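Each remark here refers to the structure printed beneath this line.
What you are looking at is a predicted structure, and each value in this text was computed from that prediction instead of being measured.
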Amino acid sequence: MYINLLNSPLYSALLNHTACIFFTPQGVIKHASQAFLKVMGCRLEDIQGQHHRIFCDAAEAQRPEYQQFWQSLASGESHHGRFRRFKENGEEVWLEATYLPIYSRTGKVTEIFKVANEVTQSHQEAQHQDALLEALHRSMAVIEFSPEGYILDVNQNFESVMGYQKAELIGKHHQMFCRPNFYRQQPNFWQNLAIGEFNKGRFERIDAQGKSVWLEATYNPVKDASGTVIEVVKFASDITPLVEKANATSGTISSAQSSTSQIERTAKDSLDHLDEMVKGSEQAAQTLAKAQELIDALHKQFAKHKCDYRIYRQDCQPNQSTFS
């Protein structure tokens with residue numbers, strides 16, 4: 001389609017209100033708007049007559065794809081996308097841009113018109129978020145739910161932790177991982193997430209073999225532009241070995257407490273009995289001496305067990321803050 005932009009109101013409007021630039025079909029710069037020059041940090045007289053590659057990474061401009069890009073534009077194909085470009089001072093710029101061929105009356109491409117919008121900040125923020133998500137996916141079990149709790153997607157770490165394949169999970173409800181008392185204790189679990197409430201904690205879940213798996217997890221509501229929750233993403237770490245170790249240590253201490261208490265009671269009963277025997281005894285001095293030796297021995301045994309138990313508690317008491 002033939003478009004005569006030169007000296008037209010449309011041409012003036014584009015130059016005055018958009019970041020735009022004109023090239024020959026081979027990519028040589030003909031003209032640019034002030035908005036474009038401002039975005040790229042350059043002056044028209046410094047770039048006019050030079051090739052488009054001055055805005056590109058040197059390695060990129062040498063690739064066959066770059067040559068094909070301009071060949072396709074010269075043959076009449078348009079291109080739209082997000083492009084990495086560089087200012088005159090070397091600073092990176094990201095442009096959301098459209099390249100449009102402009103035809104003569106005879107149907108020949110006479111120039112290439114590019115209109116662009118700078119998206120550097122949003123692109124870099126998106127890259128940062130993508131990097132964070134990639135790091136989370138590498139190190140954590142991730143599962144995505146609908147706001148009602150139905151499974152949308154899982155990553156490989158989640159498959160490994162729970163012993164399921166993705167195909168077995170898609171479309172199933174979160175309750176498949178829970179013991180019956182979980183929803184009795186938290187009946188509004190998904191309703192709260194669906195209105196945007198964040199949830200985190202330590203959760204017991206059931207794997208494919210029916211075994212308990214303990215997860216340190218966060219449930220993160222994801223909202224659209226209107227503020228409506230469209231999905232819930234869960235990031236989790238498997239802490240089952242830590243919980244089992246803490247439970248085992250706690251059980252050992254409870255057993256030690258019970259055993260020590262029994263020893264204390266036995267020793268005390270024996271002491272009380274022997275004390276009465278000695279006090280009421282009218283036997284010979286030899287009998288009294290033997291009884292007193294038994295009393296002293298039991299007193300020492302009683303004191304030793306109390307001391308050993310205090311040392312045991314100091315050495316074996318787990319770090320309570322880890323499992324609070």
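- Under a 3.5 Å cut-off, the side chain of Asn192 and the backbone N or O of Glu197 do not form any donor-acceptor pair.
- Remark: of the listed residues Ile21, Leu15, Ile47, Leu15 is the sole one forming a side chain to side chain contact (heavy atoms under 4.5 Å, CB included) with His31.
- Using a 4.5 Å heavy-atom cutoff, the side chains of Phe158 and Asn155 are in contact.
- The CD1 atom of Ile170 lies 5.0 Å from the CG atom of Asp153; values are rounded to the nearest 0.5 Å.
- Taking 4.0 Å as the cut-off between side-chain N and carboxylate O, Arg85 and Glu118 do not count as a salt-bridged pair.
- Residues Arg63 and Glu65 are not paired through a salt bridge, judged by the lack of any N-O separation under 4.0 Å between the basic side chain and the carboxylate.
- Counting only distance, with no hydrogens or angles, the side chain of Ser146 and the backbone of Glu231 share no donor-acceptor pair below 3.5 Å.
- Other members of the cluster containing Tyr150 do not exist, because no ILVMFWY side chain is joined to it at under 4.5 Å.
- No side-chain donor-acceptor contact under 3.5 Å links Trp70 and Tyr99.
- Under the 30°/60° scheme for interplanar angles, the aromatic rings of His52 and Tyr66 are found to lie parallel.
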Cut-off 3.5 Å, no hydrogens considered: what does the side-chain donor-acceptor table look like for residues 219-229, sequence neighbours left out?
| residue | atom | partner | partner atom | Å |
| --- | --- | --- | --- | --- |
| Tyr219 | OH | His174 | NE2 | 3.0 |
| Tyr219 | OH | Arg205 | NH2 | 3.1 |
| Tyr219 | OH | Lys234 | NZ | 3.1 |
| Asn220 | ND2 | Thr218 | O | 3.3 |
| Asn220 | ND2 | Thr218 | OG1 | 3.1 |
| Asn220 | ND2 | Val233 | O | 3.0 |
| Asp224 | OD1 | Ser226 | N | 3.0 |
| Asp224 | OD1 | Ser226 | OG | 2.7 |
| Asp224 | OD1 | Gly227 | N | 3.1 |
| Asp224 | OD1 | Thr228 | N | 2.9 |
| Asp224 | OD2 | Ser226 | OG | 3.4 |
| Ser226 | OG | Thr228 | OG1 | 3.3 |

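- Side-chain heavy-atom separations under 4.5 angstrom define the hydrophobic clusters, and Phe198 shares its cluster with no other residue.
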Under 3.5 Å, side-chain donor or acceptor atoms of residues 123-134 against the rest of the protein: list the pairs with distances, not counting sequence neighbours.
| residue | atom | partner | partner atom | Å |
| --- | --- | --- | --- | --- |
| His123 | ND1 | Arg82 | NH1 | 3.2 |
| His123 | NE2 | Gln127 | NE2 | 3.4 |
| Glu125 | OE2 | Gln121 | NE2 | 3.2 |
| Glu134 | OE2 | Arg138 | NH1 | 3.4 |

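- Judged purely by atom type and a 3.5 angstrom limit, Ser237 has no side-chain atom pairing as donor or acceptor with the backbone of Glu216.
- You'll find the side chain of Phe177 stays beyond 4.5 Å of the side chain of Ile206, heavy atoms only.
- Using a 4.0 Å cut-off between a side-chain N of Lys or Arg and a carboxylate O of Asp or Glu, Glu159 and Lys166 do not qualify as a salt bridge.
- Counting non-hydrogen atoms of neighbouring residues, nucleotides and ligands closer than 6.0 angstrom, the CD atom of Gln186 exceeds 12 such neighbours.
- Residues passing the salt bridge (Lys or Arg N to Asp or Glu O under 4.0 Å) test with Glu204, sequence neighbours excluded: Arg179.
- Listed by chain and number, the hydrophobic cluster partners of Leu152 come to none, as no ILVMFWY side chain reaches under 4.5 Å of it.
- Using a distance-only test at 3.5 Å, with no hydrogens or angles considered, a donor-acceptor pair links the side chain of Tyr103 to the main chain of Gly76.
- A distance-only check finds a donor-acceptor pair linking the side chain of Thr110 to the backbone of Ile102 [under 3.5 Å].
- Without hydrogens or angle criteria, Asn157 side chain to His137 main chain gives a donor-acceptor distance under 3.5 Å.
- Within 6.0 Å of CD in Gln34 there are 12 or fewer heavy atoms belonging to other residues, nucleotides or ligands.
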